[in-house]
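Following: one structure in C-alpha cells, then a few remarks.
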Number of protein chains: 2
Amino acid sequence: MTAANDPVKDEIRRSGLRATPARLATLLLLRESTSPLTHAEVSQQLADRGIDRATAFRNLNDLAEVGLLRRTELGDHVWRFEAVRGQPQDDTGHPHFLCVDCGTVSCLDDVKLTAGSLRQSAKIGEITEILLRGHCNGCGDTSATRQ
Amino acid sequence: MTAANDPVKDEIRRSGLRATPARLATLLLLRESTSPLTHAEVSQQLADRGIDRATAFRNLNDLAEVGLLRRTELGDHVWRFEAVRGQPQDDTGHPHFLCVDCGTVSCLDDVKLTAGSLRQSAKIGEITEILLRGHCNGCGDTSATRQ
DNA sequence: AGTGCACTTGCAACCGTATTGCAACTGGGT
DNA sequence: ACCCAGTTGCAATACGGTTGCAAGTGCACT
Ligand SMILES: [Mn+2]
Ligand SMILES: [Mn+2]
Ligand SMILES: [Zn+2]
Ligand SMILES: [Zn+2]
C-alpha cells in the first residue's frame, strides 16, 4: 500500500507491463498532449528525469503494442505516438491531416469517402487508415486573410 | 546527328537537365513500371550498369524536381518514385493505397471525400494528397475466398 | 570536329531516426 | 525479505538518405 493506488499505474499493469516511472511519465505526457508527439519530442521531455532515448523508444513501442498508445507514421519519416482514448480494445484509429509545410499534425474525427471511392478502393483491399496531407491554414495563406 | 534524335533524351534536356545514360535509364525504368518504385528498387536495377546508389538518389530527386517524376512517402519510411504521366506542369498527383502487410502500393485514380468530410477538413487546411492504408486483397484473406 | 566549363558521377564519409546486444538494475508476485 | 522475468542505460548497429570532393562528361559554342 505504498502511497495509495495509482489508477494509471494500474492501467499499465493491467495491460501486462510493469508500471515503471518511465512508462508512467510517458503515458501521462501523451495523455496531456492534444496532438501526436514524435519520439524526439517525448524523449526530450523525459531526458530531464534521466530516461534514455532507447528506453523511451522501447516504452513508446511497448505501450503502443498493448494498445495504450497508437503509433502512426504520417509521411515525414517520423513515428508519432498518441494516447488511445477510450477502451484500447475497441480502438479503430482516426484520420489525420499532416501539414507538409510546418509538420503540424491534426487529428480528424471522421473523414468519409464517397460511395464510388469506397467501391473503387474495395477492389484493392480493406482500408484501415486515412491520411490527408496538404497545407494547413496557418501555412497556406502567404497573403492576408483576403486575397 | 549521332544515332538519331531520342525523344526521351530531349524531354530530359527540355526540363533543364543533361540527358545522361543514368537519367535516361532511370526515367525509362519508371515509365515501364506500373507502380511507384523505391530508391532501393531503382538503384538495384541500375547497379548492373555501374550506376552508384548516390547517383541514383540524386537523379531520382532531380527528375522529381523538374516534374518528370513524382516523389511520395506513403507512410513506411521510404521514398517512392513514379513517372508523371501527361504534362508535368499540370501534374496534380493521385491517391495511393499502401498495404501495411506486404508494402505493395496501388495507384488509385480518384478517391473523393464526402461533402461533410471536405467541410471538416477545410477548417484545418487545404488537402493536396490522400493516402489510404490497409490490407490488400492478397494479404487480407487468411482464409479462403469464402469463410 | 575541337574546346571549355558547368553539370554530373563515383566513392566514401556522414546524418537522423530507430533498433538491438548486453550487463546491471528493479517491479511486484511470492 | 527474496527472487527473477521484465526493464533500463549505454554503446554499437541498422537503415534510408544526403553530402563533400576530385574526376569525368554532356553539350553549347566555335
Ligand atoms: Mn490523432
Ligand atoms: Mn501512383
Ligand atoms: Zn502548416
Ligand atoms: Zn498486401
Side-chain angles (χ1 to χ4, degrees), chain A residues 1-6 8-27 36-44 46-66 68-69 71-81 103, chain B residues 1-3 5-6 8-27 36-44 46-66 68-69 71-81 98 103:
Chain A
M1 78 286 278
T2 36
N5 248 14
D6 181 330
V8 184
K9 276 193 178 180
D10 282 346
E11 264 188 280
I12 296 174
R13 281 192 271 257
R14 237 178 294 124
S15 78
L17 296 175
R18 290 190 181 170
T20 66
R23 287 197 178 131
L24 190 62
T26 302
L27 186 52
L37 299 182
T38 64
H39 160 264
E41 291 163 340
V42 171
S43 62
Q44 191 181 312
L46 302 184
D48 317 333
R49 313 181 207 186
I51 295 169
D52 188 69
R53 287 172 8 91
T55 300
F57 263 119
R58 282 190 277 228
N59 282 340
L60 287 168
N61 287 338
D62 290 346
L63 290 168
E65 227 159 80
V66 299
L68 290 171
L69 300 182
R71 163 173 148 155
T72 43
E73 216 286 81
L74 304 172
D76 57 354
H77 285 203
V78 179
W79 290 114
R80 282 167 215 266
F81 297 84
Chain B
M1 80 290 275
T2 37
N5 249 14
D6 181 329
V8 184
K9 276 192 178 181
D10 283 346
E11 263 187 282
I12 296 174
R13 280 193 273 258
R14 238 178 293 123
S15 78
L17 297 174
R18 291 188 181 172
T20 66
R23 287 195 178 134
L24 190 62
T26 302
L27 186 53
L37 299 182
T38 65
H39 161 262
E41 291 164 339
V42 170
S43 63
Q44 193 181 312
L46 301 184
D48 316 332
R49 311 181 208 185
I51 295 169
D52 187 70
R53 284 174 6 96
T55 300
F57 262 120
R58 284 191 276 230
N59 282 340
L60 287 169
N61 287 338
D62 290 345
L63 290 168
E65 227 160 79
V66 299
L68 289 171
L69 300 182
R71 165 173 147 154
T72 42
E73 217 285 81
L74 303 174
D76 59 353
H77 286 200
V78 179
W79 289 115
R80 281 167 217 267
F81 298 85
L98 172 76

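Numbered from 1 within each chain, the chains take letters A, B, ... in sequence-line order.
Side chains of A/N59 and A/T55 form a contact here, defined as non-hydrogen atoms less than 4.5 Å apart.
Remark: C1' of D/dT25 and CZ of B/R13 are 13 Å apart, rounded to the nearest angstrom. Rounded to a whole Å, the CG atom of B/L24 is 17 Å from the P atom of D/dT25. D/dG6 atom C1' lies 14 Å from atom CD of A/E65, rounded to whole Å. Atom CG in B/L60 sits about 15 Å away from atom C1' in C/dT8, given to the nearest Å. Residue A/E41 contributes atom CD, which lies 13 Å from atom C1' of C/dT17 at whole-angstrom precision. C/dC11 atom C1' lies 17 Å from atom CG of B/L46, rounded to whole Å. When rounded to the nearest whole Å, the span between CD of B/E73 and P of D/dT18 equals 11 Å. Rounded to whole angstrom, the span from the CG atom of A/L37 across to the C1' atom of C/dA18 amounts to 17 Å.
Of all heavy-atom pairs between A/A19 and A/K9, the closest is CB-O, 3.7 Å. Scanning all heavy atoms of the two residues, the minimum distance from B/L98 to B/G103 falls at CD1-O, 3.5 Å.
A/H39 places no side-chain N or O within donor-acceptor distance of the main-chain N or O of A/F81, the cut-off being under 3.5 Å.
Residue pairs meeting the salt bridge (Lys or Arg N to Asp or Glu O under 4.0 Å) criterion with at least one partner in residues 10-26 of chain B, sequence neighbours excluded, are B/D10-B/R13, B/E11-B/R31, B/R23-B/D62.
Put simply, the residue from B/V42, B/T26, B/L69 that forms a side chain to side chain contact (heavy atoms under 4.5 Å, CB included) with B/L37 is B/V42.
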In B/S/- notation (B base, S sugar-phosphate only, - none; protein heavy atoms under 4.0 Å), nucleotides 7-17 of chain D written 5' to 3' is SBBBB----SB
